[in-house]
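Both ligands and their constituent atoms are indexed starting at 1 by order of listing.
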Amino acid sequence: MKDILTLGIESSCDETSVAVVKNGREVLSNIIDTQIPIHEKYGGVVPEIASRNHIEAISRVTKKALEVANIRFEDIDAITPTYGPGLVGALLVGLSYGKALSYALNKPLVGVNHIEGHIAANYITHKELEPPFICLLISGGNTQIVHIKDYTEFDVLGKTRDDAIGEAFDKVARVVGLGYPGGPKVDKLAKEGKPNIELPKTHFENLDFSFSGIKTAVINLNHNKPDTNKADLCISFEKAVTEVLVENTMKAIEQTGLKTLALGGGVSANSYIRNEFLKLENQGIKVYTPDLKLCTDNAAMIASAGYYNYINKKISELDLNAVPNLKLQN
Ligand code: KG4
């Protein structure tokens with residue numbers, strides 16, 4: 001069978017990334033141009049500045065992706081840009097660029113849901129992984145438990161009712177004075193602490209989450225007792241949120257009878273969370289975690305998800321628009 005090359009384009013937030021992936025699983029190139037140093041001084045991503053920097057970077061990053069993969073535009077089978085969810089101006093840069101390439105090269109356009117990309121990061125890391133399985137998606141914009149029925153068929157079993165877990169990490173980091181991007185900094189400092197602070201955990205009958213209560217508790221504690229040990233606070237926060245993540249994931253495993261679990265999204269890079277989930281292997285659950293560099297935003301995962309859309313004939317029209325609040329389709 002002929003190899004299929006997809007060109008992934010990712011610009012939903014603060015990384016401009018372009019990748020070439022073969023048959024959905026083999027990364028030929030994955031160029032990531034991060035804007036973190038640009039947004040650092042503002043304490044978070046400034047949407048307008050993100051869009052402008054995507055425009056400045058996109059052609060250069062694409063050229064480099066082709067060079068590293070050692071291919072030409074003509075060798076690509078499908079152009080697969082992210083079209084949501086994300087910052088609308090940022091999304092429009094990668095999507096418009098992808099549409100222009102599709103039109104000029106006469107290659108199919110395949111819009112990719114960024115959340116499906118986070119799931120697909122596991123297909124690149126673990127060649128043997130195939131649906132069905134449960135995926136716990138934990139990122140800056142999403143927290144959900146998904147039954148992956150097939151490569152392009154999903155059933156959302158539970159989701160956050162307020163903040164995404166990554167937002168809570170970033171907020172905790174800001175409150176304790178660690179700055180942006182917060183998640184990796186909380187991860188690092190937590191290693192020096194003891195989980196000796198009791199923080200509130202929100203439970204629901206179903207598989208939904210809520211992280212606003214714990215976020216507020218950390219803010220209040222830091223305000224009322226400013227001498228609280230920051231490392232202890234970070235590890236206590238990680239412990240509390242992880243307990244809820246594990247509890248709901250176990251409910252999903254019991255409900256579906258599936259014994260295969262994959263993590264996905266930026267927060268799945270967290271070392272405490274990864275370790276706690278890997279412990280579930282003692283209970284007979286196969287746990288997959290994406291390669292660390294594929295946890296946060298990158299175009300290889302988008303090209304992989306794009307491949308599965310393409311072979312399942314989910315081709316987009318050239319009038320495809322950016323959808324900032326795009327959801328996983330049930
Ligand atoms: O997946 P991602 O790059 O963007 C979205 O698609 O939302 O996730 C970004 C989020 C940020 O909130 C960041 O703080 C968090 O992932 N993050 C982490 C770690 N690395 C990134 N959170 C906890 N521990 C980490 N090591």
- Query: If you measure from atom 8 (O) of ligand 1 to every heavy atom of Ala190, Gly182, Gly140, Pro184, which option wins on shortest distance?
  - Reply: Gly140
Minimum-distance protein heavy atom relative to [atom]:
| atom | answer |
| --- | --- |
| atom 18 (C) of ligand 1 | Gly183 CA, 3.5 Å |
| atom 24 (N) of ligand 1 | Asn270 ND2, 3.1 Å |
| atom 4 (O) of ligand 1 | Asp297 OD1, 3.3 Å |
| atom 12 (O) of ligand 1 | Asp170 OD2, 2.8 Å |

- Message: Is it the case that the side chains of Glu238 and Asn270 hold a donor-acceptor pair, with the cut-off being a distance below 3.5 Å and no angle test?
- Response: yes
Pairs of nitrogen or oxygen atoms closer than 3.5 Å, one from [X] and one from ligand 1: do any exist?
| X | result |
| --- | --- |
| Asn142 | no |
| Thr296 | no |
| Gly141 | yes |

- At under 4.0 Å between heavy atoms, which part of His114 makes contact with ligand 1: side chain, backbone, both or neither? side chain
With heavy atoms of [X] as the reference, note each atom of ligand 1 found under 4.0 Å away.
| X | answer |
| --- | --- |
| Val267 | 15 (C), 16 (O), 18 (C), 22 (N) |
| Gly166 | 12 (O) |
| Gly266 | 1 (O), 2 (P), 8 (O), 16 (O), 17 (N), 18 (C), 19 (C), 20 (N), 21 (C) |

- Can you list the steps and then say if Phe169 with Phe237 is a ring pair (Phe, Tyr, Trp, His ring centres under 6.0 Å)? CA-CA 9 Å; Phe169 264 94; Phe237 167 78; 5.0 Å; yes
- Message: Quick check: do Ile9 and Ile58 have side-chain heavy atoms less than 4.5 Å from each other?
- Response: yes
- Side chain to side chain, Phe154 and Val146, heavy atoms closer than 4.5 Å: yes
- Query: Under 30°, 30 to 60°, or over 60°: which ring-plane class applies to Phe211 and Phe209, parallel, tilted or perpendicular?
  - Reply: parallel
- Should side-chain heavy atoms under 4.5 Å link Ile, Leu, Val, Met, Phe, Trp and Tyr, which residues sit in the same cluster as Val27? Val21, Ile124, Leu294
- Tyr123 and Tyr151: aromatic ring centres closer than 6.0 Å? yes
